[in-house]
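A quick write-up on the structure given underneath.
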Amino acid sequence: MNKSRKPHGAGRSTFDLIDADRLFETLDVRRSMVVLDLGAGGGDYTIPLAQAVGPGGRIFALDAWEEGLARVRERASLGRLRNIETLLADANEGIPLDDGTIDVCLVATVFHDLLREATGETVLRETLRVLKPGGRLAILEFKKIEGPPGPPLQIRISEKDVEDHLAPFGFRTESVSEVGKYHYLLIASSPF
């Protein structure tokens, strides 16, 4: 992987467009959980996740964009958050974590970009591998409606399309929630 390349959408955050309270309530992240923020960017989701899991929990912020991960480290330091570990990796090539270590994997408005670059098979197989039994995959995406904001309509992915990508891996959709005017959150549980 070329670690210096800037992935699609890197540096742009959707955090200010969503209802963060609704998102985190729906995610149901609790103290001492281990969470993977896949496609963490500059850490807009990572930081509140780290606060939610507390010092007994752990957040892995994974991204292929070193500049964003440097920002995560800076923000964690300023907030005195010692439960965040950054991982420089392309999720379409693999996730550098042990099997069965993650309670919740959040993929915040990057699933459509991962699918632009690959079939999604590797990232979903790897996500399934790192999730604990009964772990949850949470995919936050733009609704399949005309924008702006967000990517062009032909790049957006509907809830049904996400479910169709997850089904071959045995993921079971638990819920689909509106978390803002432009976004939905699909939560699926791992099959074992």
Side-chain angles (χ1 to χ4, degrees), residues 7 10 13-15 18-65 68-92 94-111 113-114 122-141 162 166 169 171-177 179-180 183-192:
S13 178
T14 57
F15 192 78
I18 63 155
D19 180 337
D21 291 337
R22 180 153 174 80
L23 172 84
F24 290 110
E25 177 185 314
T26 306
L27 269 179
D28 192 29
V29 171
R30 297 180 300 278
R31 306 297 265 177
S32 301
M33 282 186 157
V34 180
V35 178
L36 171 59
D37 184 358
L38 195 153
D44 287 347
Y45 294 91
T46 305
I47 300 302
L49 286 168
Q51 293 164 336
V53 301
R58 194 162 186 195
I59 305 295
F60 291 100
L62 183 145
D63 207 290
W65 184 47
L69 294 177
R71 179 74 180 124
V72 171
R73 290 188 293 273
E74 178 185 318
R75 292 173 73 184
S77 178
L78 288 171
R80 294 191 167 105
L81 296 167
R82 293 178 175 82
N83 59 349
I84 298 173
E85 182 177 334
T86 59
L87 303 170
L88 181 63
D90 181 336
N92 274 325
I95 298 174
L97 290 171
D98 292 335
D99 296 0
T101 55
I102 302 298
D103 292 301
V104 175
C105 174
L106 174 63
V107 183
T109 61
V110 295
F111 193 62
D113 284 328
L114 291 167
T122 299
V123 70
L124 290 172
R125 186 177 56 249
E126 282 288 284
T127 300
L128 186 58
R129 180 186 63 76
V130 301
L131 282 172
K132 292 178 180 177
R136 291 176 294 132
L137 172 59
I139 297 180
L140 173 69
E141 272 298 332
V162 171
L166 299 181
F169 299 90
F171 283 103
R172 184 181 55 81
T173 301
E174 291 181 4
S175 66
V176 179
S177 306
V179 289
H183 295 87
Y184 65 88
L185 178 69
L186 184 144
I187 297 180
S189 55
S190 66
F192 24 75

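Just the heavy atoms: all of them, side chains too, but no hydrogens, waters or symmetry mates, feed the values below.
Counting only distance, with no hydrogens or angles, the side chain of Glu141 and the backbone of Phe111 share a donor-acceptor pair below 3.5 Å. With Asp63 contributing its side chain and Leu69 its backbone, the two residues share no donor-acceptor pair below 3.5 Å. Checking side-chain atoms of Asp103 against main-chain N and O of Gly135 turns up no donor-acceptor pair under 3.5 Å. Under the 3.5 Å distance criterion, the side-chain polar atoms of Arg82 are left unmatched by any main-chain donor or acceptor of Ala76.
Atom CG of Asp99 has more than 12 neighbouring heavy atoms from other residues, nucleotides or ligands inside a 6.0 Å radius.
Nearest heavy atoms, Ala188 versus Leu166: CB-CD1, 3.8 Å. The nearest pair of heavy atoms linking Ile95 to Val123 is CD1-O, 4.4 Å. Minimum heavy-atom separation, Pro191 to Leu128: CD-CD1, 3.3 Å. Residues Val34 and Lys132 approach most closely at CG2-NZ, 4.4 Å, considering heavy atoms. Shortest non-hydrogen contact noted between Thr122 and Gly94 is CG2-N, 4.1 Å.
Taking CG from Leu185 and CG from Leu27, the interatomic distance works out to 5.5 Å, rounded to the nearest 0.5 Å. To the nearest 0.5 angstrom, Ile139 atom CD1 is 13.5 Å from His183 atom NE2. Rounded to the nearest 0.5 Å, atoms CZ (Arg58) and CD (Glu85) are 4.5 Å apart. Atom CG of Leu38 sits about 6.5 Å away from atom CG of Leu114, to the nearest 0.5 Å. Atom CZ of residue Arg129 and atom CG of residue Leu124 lie 13.0 Å apart, to the nearest 0.5 angstrom.
Ring geometry for Phe24 against Tyr45 counts as tilted: the plane angle lies between 30° and 60°, on a 0 to 90° scale.
A salt bridge does not link Glu25 with Arg22: none of the charged nitrogens is closer than 4.0 Å to a carboxylate oxygen. Residues Asp44 and Arg75 are paired through a salt bridge, judged by an N-O separation under 4.0 Å between the basic side chain and the carboxylate.
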- Task: Could you walk me through whether Arg73 and Thr86 pass the side chain to side chain donor-acceptor pair (under 3.5 Å) test, one step at a time?
- Result: CA-CA 7 Å; Arg73 290 188 293 273; Thr86 59; 2.8 Å; yes

Practice item. Give the C-alpha distance, both sets of side-chain angles, the deciding distance and a yes or no for side chain to side chain donor-acceptor pair (under 3.5 Å) between Asp37 and Thr46. Key: CA-CA 6 Å; Asp37 184 358; Thr46 305; 2.6 Å; yes

